Number of protein chains: 2
Amino acid sequence: MTAEMPINRILRGECVEVMKDLPDGSVDCVFADPPYNLQLRGELRRPDETVVDGVNDAWDKFADYKTYDDFTRQWLSEARRVLHKDGTLWVIGSYHNIFRIGAILQDLGYWILNDIVWRKSNPMPNFRGRRFTNAHETLIWAARSPQSKYRFNYQVMKALNDDLQMRSDWYLPLCTGNERLRNDHGVKLHPTQKPESLLHRALLAATTVDDVVLDPFCGTGTTPAVAKRLGRRYLAIERHPDYVKAAEQRLEETQRLPADQLEVTPAKREMPRIPFGSFVESGTLPPGTVLHDRQRRLKATVAPDGTLVSGKHRGSIHKLGALLTQAASCNGWTFWYFERDQKWIPLDTLRQESYALRQTA
Amino acid sequence: MTAEMPINRILRGECVEVMKDLPDGSVDCVFADPPYNLQLRGELRRPDETVVDGVNDAWDKFADYKTYDDFTRQWLSEARRVLHKDGTLWVIGSYHNIFRIGAILQDLGYWILNDIVWRKSNPMPNFRGRRFTNAHETLIWAARSPQSKYRFNYQVMKALNDDLQMRSDWYLPLCTGNERLRNDHGVKLHPTQKPESLLHRALLAATTVDDVVLDPFCGTGTTPAVAKRLGRRYLAIERHPDYVKAAEQRLEETQRLPADQLEVTPAKREMPRIPFGSFVESGTLPPGTVLHDRQRRLKATVAPDGTLVSGKHRGSIHKLGALLTQAASCNGWTFWYFERDQKWIPLDTLRQESYALRQTA
DNA sequence: CATCCGTGTGAATCTCTAT
DNA sequence: TATAGAGATTCACACGGAT
C-alpha cells in the first residue's frame, strides 16, 4: 500500500488489487454490490413465450462455493483494512450469496449492526409457479469491529420515515425507466443497476457530508453518483472499461446538491393491501367459519388457504361472491358477513380494524 | 439409527441424539427454530446458554463462532439424513445466526429455494436509537438436494394472497395476547414463541395432509400444534422438561380440523390426466370438428385418433398449437376453442366439466 | 389534454412423467 | 439414464400510440 489517496475518482482494475494501493483506515464507508454467483441453468421463458434476459455475464460465474468464498474473503479483508476504525460496510446480495458473505464477514471481525431487506415493489414474478416470488434482496450493514463508534443518523432516518423509527425493511422500486442507463439502441448497459433511492437511504443513514465512500464493484456508478449528489466524497473501482466510461459520464452529469437541500427527501407511505387469507392464518376467521351475504340467503365456508367453499364451488371472496350472484364482479370485503358477538359484520370491518392497528403499532 | 419411527409425539432430549434414532428419509418436512447465539455486548452465549468470558477477545469470538458452527452442522446433518429425498427444511433466525446457518446448509448439500422475510407488524423499537428497528426475521426454505422434487402448493399460496403469487416477504404479527403461553403469574413461558400464523403459512405451502413434520427445537409446541390442526403428522424434540409439558398440554387442547375443512385449492399438476382423445371417443368432439385459436386466425380439424390436422400439419393439440405459432411449447387445452351453442369455448372447459362430474359421481 | 390499451421487462438458482 | 411429450405458468410499472 502507499500513502497516496486518490479521491472522487473511478479506478479501473480488480478491486482486491486496487484496494491494496489505498492507505489503512482511509475510508469512512464501503458500499459493495459483489457478484451474486447465481448459478442459472437453462433458458427461462415467460408464459407468453418470451425469453427472460437473465444475468449471464462471465463476472458472475464461479467454479464452486470455495472459489466464491475465497474471492469474498479477499475483498472483505482488504475493505476492512482500508476502512476507518469507526467505519461501516454495506453489502447487498440475494439468498445465493448473502449467507456466505455474512458468515465470512463475521469471521473477519466485522460486527453486524442490521440486516436490511430491500422489498421490491415490482419484482419479476415466478413464472413457473414453483417457488415464492423472489421479491427482496438483503443488505448487511456492519461496523469494522464491535468497538467501532459508528455513525448512524437516527434523526435523519426518522424524519425520512414520517417521524417513525426507520425499520429494517425498505420498500423501494427497481431501477427502471429513465433512471436505467441504456445504449443508443435502448439496451440496458448493466444487468443489475441498483436504484439510486437505495443508495440514498444507505448513505444518508451511515455517512455525513465530506465522508469518503468506497464502492469496490462500481458498475455504472450508482454509488459514486449518489455520494456526489449528497456531498460525500467517493472512490470507486470497476474492472470493465465500458462500465468505467458510463460511470464517468454519469458523474459529470451529476451535481452536488446545494447545502440547504442536502437532507430533504419526501417519503411515500404505502397503504398496505391486506389479503383475506391473513385473517385465516391469524385465527380471526379459522377454517370452517361460516359466512353469509347481507340478506343471509347465501352461505360459504372458509378454507385453510383463504378460499371460500359453497357447495361444489370454490374461490376467493370476490370470485365466489360474483359466481353465486352471477355478477361480473363482486367486492367480497363488503359482500360477505361473519358473526361476532351475535352480530353479523362485513369482512371489511376486519380490514378497517387492521389498518387502524398498523397505524398505531 | 433404528427402524422404529415414533409419530405424533414430543420426544424429550438433545435433538442431535434423538434424531440419530430416527430412520433415514422418514420425514417430509423439517421446521427448525434453533438457538440464536445472541451476542449482546459484554455477554456472549454458547448454544447451551452458558456465558463465554472475554467477549472482546478476537480468539474467544472465533472460538464461539466455531462452537456454534459445529453445533449447527451436527443438527443440520442429522436433519438431512432423516429427511425424505424430496423433503424440504425451514429454518428461522436473525442476523446473529442466519448467515452461518445458510452457509452451512449450502455446504451440506441442501438447495435453497427461497429466503423468506417475516416482517413483524409490531416489532420492538430500538430504544437507544443506534440502529434501524430490527423489524424482521429471516427464514430459509431449502430442499434436501438440487434434485429433490419438492412440494410447493402454488395455488394454495396464491389463494391465500388474494389470487396474487405469494411473495418472499410475509407481514405477520408477533405472538402476543391469548396465543402466548403464560404461567399462573402471567409470565410468558418461552422467550421466543413463534406465532401460529407463521407456521400455518409455511406448512400449508410445503406439506400436504398426513405428511410428517419434524421440529428439532420444539419449545412450547407451535409447530406440532399447527401441524396437528392442519391434519399433518408431527414429531417434535425438546430438551427442557417444562417446555415438553407445556407443549403436550397444548397439543391435547388442539384439534385436527374436520376433513372437509382441510381441503384447499387443488393443484392442476396433481389432477388426473384426461386425454384429449377421450372427448373424441365419447362423441363430444366427433372427428371433423373444427377448432380455432382465440383470435380465430388459425383453424384445425379433429381426427379420429385425437390428433389435429391443419393443412399438411398433424399433431397433438399441444404440438400443433406450438407448430402453428412457432412457439417452443403450447398448452393445447387453453389454446384451442370449439363451438357450442354459438359460443366459442376453450377445450379446457370440457376438462373442468369432466372433473366436476367425477366429484359428484 | 386526459385516458385507455398494447407492449416490454426486471439479479431467476423456475416441470414432470412415461418410456 | 437420456429423451420425448404433455402441459402449467406472470406482477408492477413505464412507455408510446391510439382514442
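Chain letters run A, B, ... following the sequence lines, proteins first and then strands; every chain starts at 1. Keep in mind the model is a prediction, meaning the values are calculated, not measured.
- Comparing A:Thr50 and A:Asn37 against DNA chain C, the residue whose closest nucleotide sits nearer the 5' end is A:Thr50.
- Residue A:Arg131 places a side-chain atom within donor-acceptor reach of the base of C:dT13, judged by atom type and a 3.5 Å distance cut-off alone.
- The same atom, P, is picked in D:dT9 and in C:dA11; the two are 25 Å apart, to the nearest Å.
- Nucleotide C:dT13 holds its P atom 13 Å from the OH atom of A:Tyr65, rounded to whole Å.
- In terms of heavy-atom proximity, A:Glu179 sits nearest to A:Glu196 at OE2-N, 2.7 Å.
- Comparing C:dT9, C:dT13, D:dG7 by their nearest atom to the side chain of A:Asn134 picks out C:dT13.
- For the ring pair (Phe, Tyr, Trp, His ring centres under 6.0 Å) test with B:Trp90, the passing option among B:Trp118, B:Tyr110, B:Trp141 is B:Trp141; the others fail.
- No N or O donor and acceptor, one from the side chain of B:Arg351 and one from the base of D:dG7, sit under 3.5 Å apart.
- Closest to the side chain of B:Arg269, out of D:dA6, C:dA11, C:dT15, is C:dT15.
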query = Between A:Asp169 and A:His136, does a side-chain hydrogen bond (donor to acceptor under 3.5 Å, both in side chains) hold up when you go through it step by step?
reply = CA-CA 10 Å; A:Asp169 51 334; A:His136 74 276; over 6 Å; no
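- Here D:dG7 sits opposite no nucleotide as a Watson-Crick or G-U wobble pair (both hydrogen-bonding atom distances under 3.5 Å).
- Among the nucleotides D:dT9, C:dT13, D:dG7, the one closest to any side-chain atom of A:Pro47 is D:dT9.
- A:Arg45 comes within 4.0 angstrom of no nucleic acid atom, judged by non-hydrogen atoms across all strands.
- Aromatic pair A:His190/A:Trp59: centroids less than 6.0 angstrom apart.
- Among all heavy-atom pairs drawn from B:Ser310 and B:Leu320, the shortest one is CB-CD2, 3.8 Å.
- What separates CG of A:Asp48 from P of D:dA12 is a distance of 16 Å, to the nearest Å.
- Within 3.5 Å, a donor on the side chain of B:Ser329 pairs with an acceptor on the base of D:dA8, or the reverse.
- Ranked by how close their nearest DNA chain C nucleotide is to the 5' end, B:Ser148 and A:Pro191 are led by A:Pro191.
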ask   = Between B:Asp28 and B:Arg151, is a salt bridge (Lys or Arg N to Asp or Glu O under 4.0 Å) present by the stated rule, with each step listed?
value = CA-CA 9 Å; B:Asp28 298 297; B:Arg151 168 175 284 273; over 6 Å; no
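- Distance, B:Gln155 CD to D:dA8 C1': 9 Å, rounded to whole Å.
- The A:Pro125 side chain lies nearest to D:dT10 when the options are C:dT13, D:dT10, C:dC16.
- Backbone-only engagement by B:Gln165 is indicated by non-hydrogen atom pairs under 4.0 Å involving sugar-phosphate atoms exclusively.
- Nucleotides C:dT13 and D:dC13 are separated by 26 Å at their C1' atoms, to the nearest Å.
- Per the geometry, CG belonging to B:Leu113 stands 17 Å off P belonging to C:dA12, to the nearest Å.
- If you measure from atom CZ of A:Arg46 to atom C1' of C:dG8, you get 8 Å, rounded to the nearest angstrom.
- Remark: ring of B:Trp111 stacked against base of C:dT13; centroid gap under 5.5 Å, plane tilt under 30°.
- Comparing atom distances between the B:Lys268 side chain and each of D:dC13, D:dA8, C:dA11 picks out D:dA8 as nearest.
- For A:Arg128 against D:dA8, a side-chain N or O and a base N or O form a donor-acceptor pair under 3.5 Å.
- Base-pair partner of C:dT3: D:dA18 (Watson-Crick or G-U wobble, both distances under 3.5 Å).
- In this structure C:dA12 sits in no base pair that meets the Watson-Crick or G-U test at under 3.5 Å.
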